[in-house]
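Below, each value reflects all heavy atoms present in this structure, side chains not excepted, and no hydrogens, waters or symmetry copies. Order of appearance sets the numbers: ligands from 1, and atoms from 1 within every ligand.
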Amino acid sequence: MLNKNLTLGEFIIKNQASFKYSSGELSSLINSIRLAAKIVNHEVNKAGLVDIIGETGGENIQFERQQKLDVYANEKFIKTLINRNIVCGIASEEEDSFISINSIDKNNQNKYVVLIDPLDGSSNIDVNVSVGTIFSIYRRKSKIGSEVELDDFLQYGKDQVAAGYIIYGTSTMLVYSTGNGVNGFTLNPAIGTFYHSHSDLTIPENGNIYSINEGNYLQFPQFVKKYIKYCQEEKNDRPYTSRYIGSLVSDFHRNMIKGGIFLYPETFKNKKGKLRLLYECNPIAFICEQAGGSATNGYKNILDIKPTSLHERIPFYCGSKKMIKDLQNFL
Ligand code: AHM
Ligand code: MG
């Protein structure tokens, strides 16, 4: 049951024992993400006020323009995780390669690696649209105390020990799961505290929202085109509506609460899809499945796909179970 006075810090302590590798390390990790989230939130909220918006002029590994707040969020999350001596490796959408903490601190004995998209949807910042942070946590596979290896990051999504996101929206929320359901926490900005606001979040089995960038319609695979037409047909049992923010965390969060499907197929421009398996699709798919929904690349469950490189992209469809099934019927 929801105790509305419970803070995220208290929730983490209370639920530590239910986590199968309960040693306190994962709790500290989530606590450090909570801290970085507050710092980034403070900066994102005043983005319209200070001269921080704009491009750095640099390009990240995917050759996209970086916004200054991307860089800021990337730095804050990485610094917080390193300073708190909580992880053994970090991979970020904004970094070309992963960071091995043992190359900084030879005595590091930590077990977890974190993969992070520090500020997703950042092209939306300068028009005051919600953006988000997405994170994914795994236990390392290589020997504790040694340098982390690429394989520590290229794990199946189903092996995530925790995943979540922060949505910097009309209110700021942190939503996460350690594999025992999904819980949401809303920030009271006046006192800087996240309160437990959404207990055991579940996505409706069926929904009426479809979210896709229809500007790319002509480039979509046939089954997606057919599905969109199916959603647009006027039938009483199919009262669909289209909602697309262009900010994955916000689009997914709305669909999880209301029931819906999010689609990002391959296009001529992005032949393998646009979204990244490790930083975006896996953590969102983990939350989606924990909430009772499903996530696929069309053919295979996202969480069952073996990653082959850090910045790999894939087509991504996720949301209410029945809607994913309907989509797959057109394959
Ligand atoms: P980003 O990681 O460069 O911010 O891009 C990811 C974002 C997602 O948040 C969103 O779902 C998608 O890109 C929108 O792409 P498009 O503008 O092509 O519809
Ligand atoms: Mg992103």
*Please work out the angle at the Mg ion (ligand 2) defined by atom OD2 of D117 on one side and atom OE1 of E93 on the other, rounded to 10°.*
70°
Please list, in number order, the atoms of ligand 1 under 4.0 Å from a heavy atom of [X].
X	answer
F262	11 (O)
E280	2 (O), 6 (C)
Y244	14 (C), 15 (O), 16 (P), 19 (O)
N213	16 (P), 18 (O), 19 (O)
S122	4 (O)
S247	9 (O)
L248	8 (C), 9 (O), 10 (C), 11 (O)
E93	2 (O)

*Look at atom CG of N128 and say whether more than 12 heavy atoms of other residues, nucleotides or ligands are closer to it than 6.0 Å.*
no
I'd like to check [X] versus [Y] (side-chain heavy atoms, cut-off strictly below 4.5 Å). Are they in contact?
X	Y	value
F194	R34	yes
L248	I134	yes
L26	I137	yes
V44	L119	yes

Does the plane of the ring in [X] sit parallel, tilted or perpendicular to the ring in [Y]? Use 30° and 60° as the thresholds.
X	Y	value
Y240	Y230	tilted
F11	Y176	perpendicular
F330	Y227	perpendicular

*Taking the side chain from D152 and the backbone from K141, do they hold a donor-acceptor pair closer than 3.5 Å?*
yes
*Quick one: do K325 and Q328 satisfy side-chain hydrogen bond (donor to acceptor under 3.5 Å, both in side chains)? Show the steps, please.*
CA-CA 5 Å; K325 219 168 156 218; Q328 285 177 311; over 6 Å; no
_Y279 to ligand 1, any heavy atom closer than 4.0 Å_ = no
*Under 3.5 Å, is there a donor-acceptor pair between the N41 and T172 side chains?*
yes
*Is it the side chain (CB and beyond), the backbone, both or neither of F252 that lies under 4.0 Å from ligand 1, heavy atoms counted?*
neither
*Before signing off on this row, confirm whether N216 and ligand 1 have an N or O atom pair separated by under 3.5 Å.*
no
*With only distance considered, is G121 within less than 3.5 Å of ligand 1 through an N or O on each side?*
yes
*asked:* Nearest non-hydrogen contact with atom 12 (C) of ligand 1 belongs to which option: R276, E214, E94, K274?
replied: K274
_Heavy atoms only: which of D70, D120, D117 lies closest to atom 8 (C) of ligand 1?_
D120
*Closest E280 atom to the Mg ion (ligand 2) [N, O or S only]*: OE2
_Among the N, O or S atoms of D120, which one sits nearest to the Mg ion (ligand 2)?_
OD1
